[in-house]
Every structure is written in C-alpha cells, then in structure tokens.
Amino acid sequence: QLQACGGGLVQAGGSLRLSCAVSGSIFEINVMGWYRQAPGKQRELIARIANGGNTNYSDYVKGRFTISRDNAKNTVYLQMNGLKPEDTAVYYCNRWPVPYSWGQGTLVTVSS
C-alpha cells in the first residue's frame with residue numbers, strides 16, 4: 001500500500017514536501033519513483049531513486065525537485081521548490097519501472 005501526503009495549495013515560487021509511506025520494506029524495492037498526473041494528461045514519472053541513492057529527474061523538474069528515501073522509515077520524499085502553475089497535478093509514489101497498484105495520490109495546486 002502506498003500513501004502519499006503533503007500536497008496542498010501554494011503560490012508560484014513556493015515549496016512543498018511530499019511524503020509517501022510504503023507498507024512493507026522499501027529496502028527490497030530497488031527503484032522508487034514519484035509520478036504525477038495533471039488534469040487531462042497521462043500519468044508521468046518525474047523522479048526516481050535507487051537503493052544506492054542514484055537519482056534521475058525529468059527535464060520538467062530537474063533542478064527544482066529533490067527525491068530522497070529513508071529505508072528505515074519505509075518512506076520516500078519529494079522536496080519541491082520553485083513551484084510553477086504547470087506543476088499542478090495529483091502526485092503519486094510507486095515502484096519503477098513496474099508499478100504496484102496505485103495508491104491514493106496527493107493533490108498539489110500551484111496558483112499564479
């Protein structure tokens with residue numbers, strides 16, 4: 001089970017920190033990712049992190065978002081800075097590249 005939280009309404013240029021609690025041990029999951037789905041668009045991967053700490057970001061968020069994981073707490077984080085209105089979406093965490101069933105995401109709304 002994947003439970004994302006930390007979303008909300010923020011002005012452009014603001015910051016949010018998302019958390020995702022994972023049932024079970026994420027130590028056994030090599031790569032975890034953050035995904036988002038904007039209104040009328042397909043869900044997309046925006047950041048991923050491997051167990052060894054290697055990270056990858058989509059060009060849309062590179063330099064603004066930071067993904068991290070705490071295996072001891074079975075939690076994945078997404079620090080989002082410099083938010084833009086186009087970042088408005090429902091955000092989810094899941095395994096990459098083959099996701100589990102999707103949990104309830106958290107809505108991020110960025111006002112201009």
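Since the model is a prediction, treat every value here as computed from it, not as a measurement. Side-chain atoms are counted along with the backbone in the values below, which use heavy atoms only and exclude waters and symmetry mates.
At a threshold of 4.5 Å between non-hydrogen side-chain atoms, the residues Ser68 and Asp70 do not count as touching. Counting heavy atoms from C-beta on, the side chains of Leu16 and Phe65 never come closer than 4.5 Å. Side-chain contact check for Arg43 versus Trp102: some heavy-atom pair is nearer than 4.5 Å. Annotation: side chain of Asn71 is not in contact with side chain of Ser25 (no heavy-atom distance under 4.5 Å). Two residues are said to be in side-chain contact when any heavy atoms from C-beta on lie closer than 4.5 Å; Val61 and Leu78 fail this criterion.
Tracing side-chain contacts under 4.5 Å through hydrophobic residues (I, L, V, M, F, W, Y), one never reaches Leu45 starting from Ile67; they form parts of separate clusters. The hydrophobic clustering, which links ILVMFWY residues whose side-chain heavy atoms are closer than 4.5 Å, places Tyr60 and Leu107 apart. A single hydrophobic cluster is seen to contain both Leu2 and Val108, as judged by linkage of ILVMFWY side chains at heavy-atom distances under 4.5 Å, directly or through other members. In this structure, Ile46 is not a member of the same hydrophobic cluster as Trp96, with clusters built from ILVMFWY side-chain heavy atoms closer than 4.5 Å. Cluster annotation: Val110 and Val90 are assigned to distinct hydrophobic clusters (Ile/Leu/Val/Met/Phe/Trp/Tyr, side-chain heavy-atom contacts under 4.5 Å, transitive).
Side chain of Arg69 to backbone of Ile49: a donor-acceptor contact under 3.5 angstrom is found. Between the side chain of Thr109 and the backbone N or O of Thr88 there is no donor-acceptor pair closer than 3.5 Å. Judged by distance alone, the side chain of Asn94 and the main-chain N or O of Tyr100 form a donor-acceptor pair under 3.5 Å.
Heavy-atom contacts from other residues, nucleotides or ligands closer than 6.0 Å to CD of Gln79 number more than 12.
Contact record, Pro85 with Ser112: CG-CB, 3.8 Å, taken as the closest heavy-atom pair.
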Between side-chain atoms of residues 26-40 and protein atoms elsewhere (two or more places apart, or another chain), which donor-acceptor pairs fall under 3.5 Å?
| from | atom 1 | to | atom 2 | distance (Å) |
| --- | --- | --- | --- | --- |
| Trp34 | NE1 | Tyr77 | O | 3.1 |
| Tyr35 | OH | Arg95 | O | 2.9 |
| Arg36 | NE | Glu44 | OE2 | 3.0 |
| Arg36 | NH1 | Asp87 | OD1 | 2.9 |
| Arg36 | NH1 | Tyr91 | OH | 3.0 |
| Gln37 | NE2 | Lys41 | O | 3.1 |

